[in-house]
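Ligands are counted one by one from 1 in listed order, and the atoms in each one are counted from 1 as well.
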Amino acid sequence: MAPQVPNNADVSAKVVQGKLDRLPQAVREFVERSARVCQPDRIHICDGSERENQQLLGQMEEQGAVRRLRKYDNCWLALTDPRDVARVESKTVIVTKEQRDTVPIPRAGPSQLGCWMSEADFEKAFDARFPGCMKGRTMYVIPFSMGPLGSPLSKIGVELTDSPYVVASMRIMTRMGTPALEALGSGDFVKCLHSVGCPLPLKKPLVNNWACNPELTLIAHLPDRREVISFGSGYGGNSLLGKKCFALRMAGRLAQEEGWLAEHMLILGITNPQGRKKYLAAAFPSACGKTNLAMMNPTLPGWKVECVGDDIAWMKFDQQGNLRAINPENGFFGVAPGTSVKTNPNAIRTIQKNTIFTNVAETSDGGVYWEGIDQPLASGVTVTSWKNKEWCAEDGEPCAHPNSRFCTPARQCPIIDPAWESPEGVPIEGIIFGGRRPAGAPLLCPGGRWAHRTPVPTGKTIMHDPFAMRPFFGYNFGKYLAHWLSMARRPGVKLPRIFHVNWFRKDRSGKFLWPGFGENSRVLAWMFDRIDGAAGARLTPVGYVPEEGALNLVGLGGIDVGALFHISKEFWEEEVADIQKYLEEQVNADLPGEIRQELLALKQRVGQM
Ligand code: TSX
Ligand code: MN
């Protein structure tokens, strides 16, 4: 790759922690090959121990990359360069032989369904970035398991990174270290290579002590080689490669090949007052309160919700035909703003210890602060903003970045499900598709058949993204739809019931029609009973809605049920036309015929309203 690098460079002499010759052969070769290209000064093979973790955090503290939050136990704050605060979709690519393997070829204009890069362009991009990119730095070797260690549904990855922040975060978000290597044995693993792209000595000074290289940021997926290669960003989904890159995009491809589903879904358990339990998975676009729902406290007396995961579900039909799901993650990487004792008390309790915060504000007594935290500041307590400046509310600037995060261990959640690490996964009986629609879409509209209800992209003010997968497709969206439809044709499978929800419908004055949050338990309770065939429903042209009186509204004053469930012909005519236009333009030749037919049937039903 880089001609000036001697091929026989002695990589093992650089190892400062762990032993190269104890690594499985394929891991060792990956480390050696990458080290010859990236040329780190040191190589540290992570064992995942608490001692190693404290050493790394202490080192980062000395360098001013993190601060200890003295109000809590083992909590830390990292502030980033303001140019590196979120995933960068435009710089996230999938590299395949043919463009159509990655995205449908749109009828006109650019694809909204992902970004393809040719193999030749990727080679050039790689060679312009990686040779020597870790000079002066340590390359950390992070073996990790996505999913419970040793579960047949889990997968192993190895991430090489020059960011100690990534190591500390991966230790929370995945099962990381020696146990993951043991689970790997001589098996297959996904190769993840990450660099912040700032070799030493620095050419430019760091901003906020946060290493990144925004001009050259690139997050590439090579599904045929089972590789993820990320350069220039230290943030979240760009750098914690187990999450979006592996558990959604790469796993999506593996799932298609192997006959399972890798989805952007929370998983929750719900128990009725009689003590019977069901598990539900739910897909929501961003800013719908997915984490809040995953951890919600029901207001309905006697009902209990427990959390399996808040972001990703890997699901596979078992021998008995039940859809089994695991949460491949080990922690929550949640958006901080808006999280409060009112909106998500269980998240607030989860983050009191062993948590890494990024780009939130800090109080002068060593606590965290953000928009919507709903905690008054004690007198004399001041706030330092995510930009590391003294913050005053009157300036109108937010104290925390809107995409600021907590990174916290799932096991600390007070309502973590007892089966959240069960190797066989939990049985999913219902799948919820959520949207954020101010008008038109009813609170709840469950469906019948799988193909009939496989959601089609909807939305005007929002994206056409019913699976909440648009930024996370690992391959052609048309093929993804076909893969979903094919699951229903597998012999002996018990298909989960499908439901659509919209917590965000508003009345004409702009007021939310539904109180949301814990009151959503009323909707979940209806679904629970519906799965058992015990909840009344009435058929509308767009699907079933609860029969009058079937949704428990006891104790909820002033709900306008009529408005909440109203289905307008005008709205749905426009909606169907919109969806049709979108699918014809964007999915084009790869749109499965079944979807086209369902859409036509929907159009007809709406036309007859
Ligand atoms: O998370 C939300 N959920 C799911 C909770 C389990 N949010 C917050 C979304 C932003 C991330 C919601 N916001 C929900 C909801 O169900 N519903 C709404 C809209 C709403 C907001 C406020 C009120 C009612 C509805 N009422 C008052 O503030 C008093
Ligand atoms: Mn997500």
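- Between Arg226 and Glu257 there is a salt bridge, since at least one side-chain N of the basic residue sits less than 4.0 Å from a carboxylate O of the acidic one.
- Shortest contact from atom 1 (O) of ligand 1 to any protein heavy atom: Asn292 ND2, 2.8 Å.
- The residues Glu547 and Arg530 are annotated as not salt-bridged, no charged nitrogen and carboxylate oxygen being separated by less than 4.0 angstrom.
- Not a single heavy atom of Gly338 lies less than 4.0 angstrom from ligand 1.
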As a quick check of understanding, evaluate salt bridge (Lys or Arg N to Asp or Glu O under 4.0 Å) for Lys277 and Glu429, giving each step before the final call.
CA-CA 10 Å; Lys277 185 166 192 175; Glu429 294 187 62; over 6 Å; no
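- The only option from Lys191, Met176, Met170 that meets the side chain to side chain contact (heavy atoms under 4.5 Å, CB included) definition with Glu159 turns out to be Met170.
- Taking a cut-off of 2.8 Å, the protein N, O or S atoms nearer than that to the Mn ion (ligand 2) are Lys244 NZ, His264 NE2, Asp311 OD1.
- In this structure a side-chain-to-backbone donor-acceptor pair under 3.5 Å is missing from Asn346 to Met296.
- Contact annotation for atom 26 (N) of ligand 1: protein absent (non-hydrogen atoms, distance under 4.0 Å).
- Here is the list of ligand 1 atoms found below 4.0 Å of a heavy atom in Gly516: 16 (O).
- Of the protein's non-hydrogen atoms, Phe504 CE2, 3.5 Å is the one closest to atom 18 (C) of ligand 1.
- Relative to atom 19 (C) of ligand 1, the option among Phe284, Phe512, Phe517, Trp514 with the closest non-hydrogen atom is Phe512.
- Using a distance-only test at 3.5 Å, with no hydrogens or angles considered, no donor-acceptor pair links the side chain of Glu263 to the main chain of Phe467.
- Contacts with ligand 1 closer than 4.0 Å are made by side-chain heavy atoms of Asn520 only, the backbone lying farther away.
- A distance-only check finds no donor-acceptor pair linking the side chain of Asp507 to the backbone of Leu513 [under 3.5 Å].
- Distance alone, capped at 3.5 Å, places no donor-acceptor pair between the His401 side chain and the Ala361 backbone.
- A salt bridge links Arg470 with Glu89; the closest basic N to acidic carboxylate O contact falls under 4.0 Å.
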For Glu575 and Arg437: C-alpha separation, side-chain torsions, deciding distance, then whether salt bridge (Lys or Arg N to Asp or Glu O under 4.0 Å) applies.
CA-CA 12 Å; Glu575 181 77 4; Arg437 310 297 303 271; 3.1 Å; yes
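- Remark: Asp311 engages Lys290 in a salt bridge, criterion side-chain N to carboxylate O under 4.0 Å.
- The single protein non-hydrogen atom nearest to atom 24 (C) of ligand 1 is Pro515 O, 3.6 Å, given as residue, atom name and distance.
- Distance remark: protein heavy atom not present below 4.0 angstrom from atom 29 (C) of ligand 1.
- Nearest to atom 11 (C) of ligand 1 by heavy atom, out of Ser286, Ser521, Gly289, is Gly289.
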